[in-house]
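Okay, structure first, notes after.
Sequence lines set the chain letters: A, B, ... in the order given, protein chains first and strands last, and positions in each chain run from 1. As the structure is a prediction and not an experimental result, all values here were calculated from the model.
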Number of protein chains: 2
Amino acid sequence: MEIFRELKKVPAFAGVSDKELQAMSSCFKAEICFFDKGQEIIRQGDPLDKVILISKGEANAQNEDMFGNISIILNLKAGDFFGIEEAYAEQDCFKDTLVATEPVTVVLFDKTKIISPCANNCLCHQILSKRMIKTVSSRALALTDKIKHLSQRGIRDKVLSYLQTQSLLAGSRYFDIPFNKTELASYLAVERSALSSVLGKLKQEGVIDFEKKRYHLKGKN
Amino acid sequence: MEIFRELKKVPAFAGVSDKELQAMSSCFKAEICFFDKGQEIIRQGDPLDKVILISKGEANAQNEDMFGNISIILNLKAGDFFGIEEAYAEQDCFKDTLVATEPVTVVLFDKTKIISPCANNCLCHQILSKRMIKTVSSRALALTDKIKHLSQRGIRDKVLSYLQTQSLLAGSRYFDIPFNKTELASYLAVERSALSSVLGKLKQEGVIDFEKKRYHLKGKN
DNA sequence: CTCAAAATGTTGTAAAAACAACAATTTTTC
DNA sequence: GAAAAATTGTTGTTTTTACAACATTTTGAG
């Protein structure tokens with residue numbers, strides 16, 4: 001079955017047996033969709049009847065405020081869900097827009113099938129639930145991290161706070177970030193050109209080095 | 001039993017039957033603690049062996065960054081949990097500090113007892129799980145809201161974005177916020193005095209009105 | 001009630017970011 | 001591989017915020 005093959009590829013389900021994945025594929029109403037780079041997978045305000053699992057590629061969650069300003073909330077990778085917070089919090093529409101930043105494959109699960117366990121309380125539901133809870137929790141922590149960056153006084157501190165976190169996450173002073181400069185500015189909610197000059201200054205001072213999406217946080221040791 | 005009486009008071013458990021609350025009280029290792037205004041209930045970095053439920057009062061989740069700047073992440077009310085994100089995301093310590101903003105009663109649940117269902121998979125575990133998942137999801141949405149405020153260009157837009165959300169949440173143009181001016185500045189990560197003058201200007205312009213913690217968002221209609 | 005402490009408002013100055021406009025470079029597309 | 005589009009860097013001006021210092025008001029403790 002096609003859903004099965006798709007779920008099998010998701011790194012987050014690495015530990016799950018084929019039998020369980022098979023069960024999940026048949027138990028849930030699910031469909032597969034493909035999107036090109038730049039396409040909107042979900043638009044904020046869309047009715048919430050599906051929950052999305054990114055099975056391949058990356059996408060950005062964006063938000064447009066009351067005056068049309070768009071800013072990137074966070075970046076989602078293969079294995080991440082989208083829309084579960086809304087589903088569990090009993091919202092009736094998506095709060096953010098999901099945009100493919102490269103070719104993306106998603107699995108769409110029926111919302112009601114997902115949040116309420118089926119009559120026989122099958123194991124696959126438990127497995128999926130556990131994964132989703134962990135996703136939501138991790139995302140809440142990631143959002144708290146982002147808040148810490150945004151709470152910094154200036155652009156310099158914002159970007160350093162962000163890079164610090166990314167470095168820690170990667171476990172190395174050398175690491176790739178999922179954003180280009182324009183996107184990073186959007187993520188940090190600062191002016192792109194101002195960010196550009198701050199980054200240039202930091203590089204000149206020998207605090208950091210970067211090339212494309214690869215950064216090097218030069219520490220004390 | 002004392003835990004039972006405490007849980008009975010929590011608004012979030014209004015729909016739960018006495019029998020279930022009784023079961024929860026006996027099933028989980030739980031203890032009750034009291035804190036005065038200003039006391040730290042949990043300090044960031046503390047080992048994560050308990051999960052906290054605020055059963056009475058309010059508290060602020062705060063965070064201290066690498067250079068000692070403290071900022072308020074969000075405000076928790078009776079019925080809110082603290083530390084579940086970390087528990088589910090398999091962290092080993094608390095990410096934020098929890099400070100009582102008034103006399104507070106909390107119920108401390110044993111972490112391991114909470115995140116892994118007990119052998120007999122009792123109903124009370126399911127009830128508590130459901131509540132916690134909803135809490136985490138709602139909080140993730142609240143954090144996204146906060147990110148929207150912090151992403152605004154200037155103080156004026158930040159504070160208006162915040163008040164808009166609070167008004168919507170309250171379902172009225174007149175509403176109370178959980179912060180005084182100093183705390184609001186901390187929450188919005190701006191200079192207190194600058195916020196003060198912006199608020200004064202908004203009041204003068206007739207956009208808003210406020211007194212203490214009560215605000216009035218004067219709309220078009 | 002009184003005093004001390006905390007919160008709030010006000011102002012001027014210095015610093016920083018937003019904004020705008022453009023050049024240079026890189027990436028994408030046909 | 002050439003042209004078009006997008007990204008990135010650069011600079012000067014304007015606007016906004018941070019910062020600091022202080023006056024006033026409110027809150028809280030004894």
(request) Could you tell me which residues satisfy salt bridge (Lys or Arg N to Asp or Glu O under 4.0 Å) with B:E40, sequence neighbours excluded, listed by chain and number? (result) B:R43

(request) Name all residues meeting the side-chain contact (heavy atoms from CB on, under 4.5 Å) criterion together with A:C33; count only those two or more places apart in sequence or in a different chain, and write none if there are none. (result) A:F35, A:V106, A:L108

(request) With sequence neighbours excluded, tell me which residues meet ring pair (Phe, Tyr, Trp, His ring centres under 6.0 Å) with A:F34. (result) none

(request) Using ring pair (Phe, Tyr, Trp, His ring centres under 6.0 Å) as the criterion, list what pairs up with B:F109, not counting sequence neighbours. (result) B:F28

(message) The criterion is side-chain contact (heavy atoms from CB on, under 4.5 Å); which residues satisfy it with B:N69, sequence neighbours excluded?
(response) A:R153, B:D65, B:F67

(message) Can you measure A:E211 atom CD to D:dG9 atom C1' for me and round it to whole angstrom units?
(response) 14 Å

(request) Can you sort out the partners of B:K181 under side-chain contact (heavy atoms from CB on, under 4.5 Å), two or more places apart, ordered by chain and number? (result) B:L199, B:F210, B:Y215

(message) If I compare all heavy atoms of A:S55 with all of A:A78, which pair ends up nearest, and what's the gap?
(response) O-CB, 3.7 Å

(message) Distance under 4.0 Å to a non-hydrogen atom of chain B counts as contact; along DNA chain C, which nucleotides mark the start and end?
(response) C:dA7 to C:dT10

(message) Going by side chain to side chain donor-acceptor pair (under 3.5 Å), name the pairs with one or both residues in residues 193-213 of chain B, residues two or more places apart or in two chains.
(response) B:R156-B:E205

(request) Would you give a per-nucleotide map of nucleotides 24-30 of chain D, 5' to 3', where B means the base has a protein non-hydrogen atom under 4.0 Å away, S means only the sugar-phosphate does, and - means neither? (result) --SSS--

Could you go over nucleotides 16-18 of chain D and give all protein N or O partners under 3.5 Å, atom names and distances?
residue : atom : partner : partner atom : Å
D:dT17  : OP1  : B:I155  : N            : 2.4
D:dA18  : OP2  : B:E191  : N            : 3.2

(message) By the 4.0 Å heavy-atom rule, please label B:T182 as base, sugar-phosphate, or nothing.
(response) sugar-phosphate

(message) Holding to side-chain contact (heavy atoms from CB on, under 4.5 Å), I want the full list of residues that pass it with A:D36, two or more places apart in sequence or in another chain.
(response) A:Q39

Under 3.5 Å, which donor-acceptor pairs link side chains of residues 93-105 of chain A to any protein atom two or more places apart or in another chain?
residue : atom : partner : partner atom : Å
A:D96   : OD1  : A:N63   : ND2          : 3.0
A:T97   : OG1  : A:Q44   : N            : 3.0
A:T101  : OG1  : A:E58   : O            : 3.1

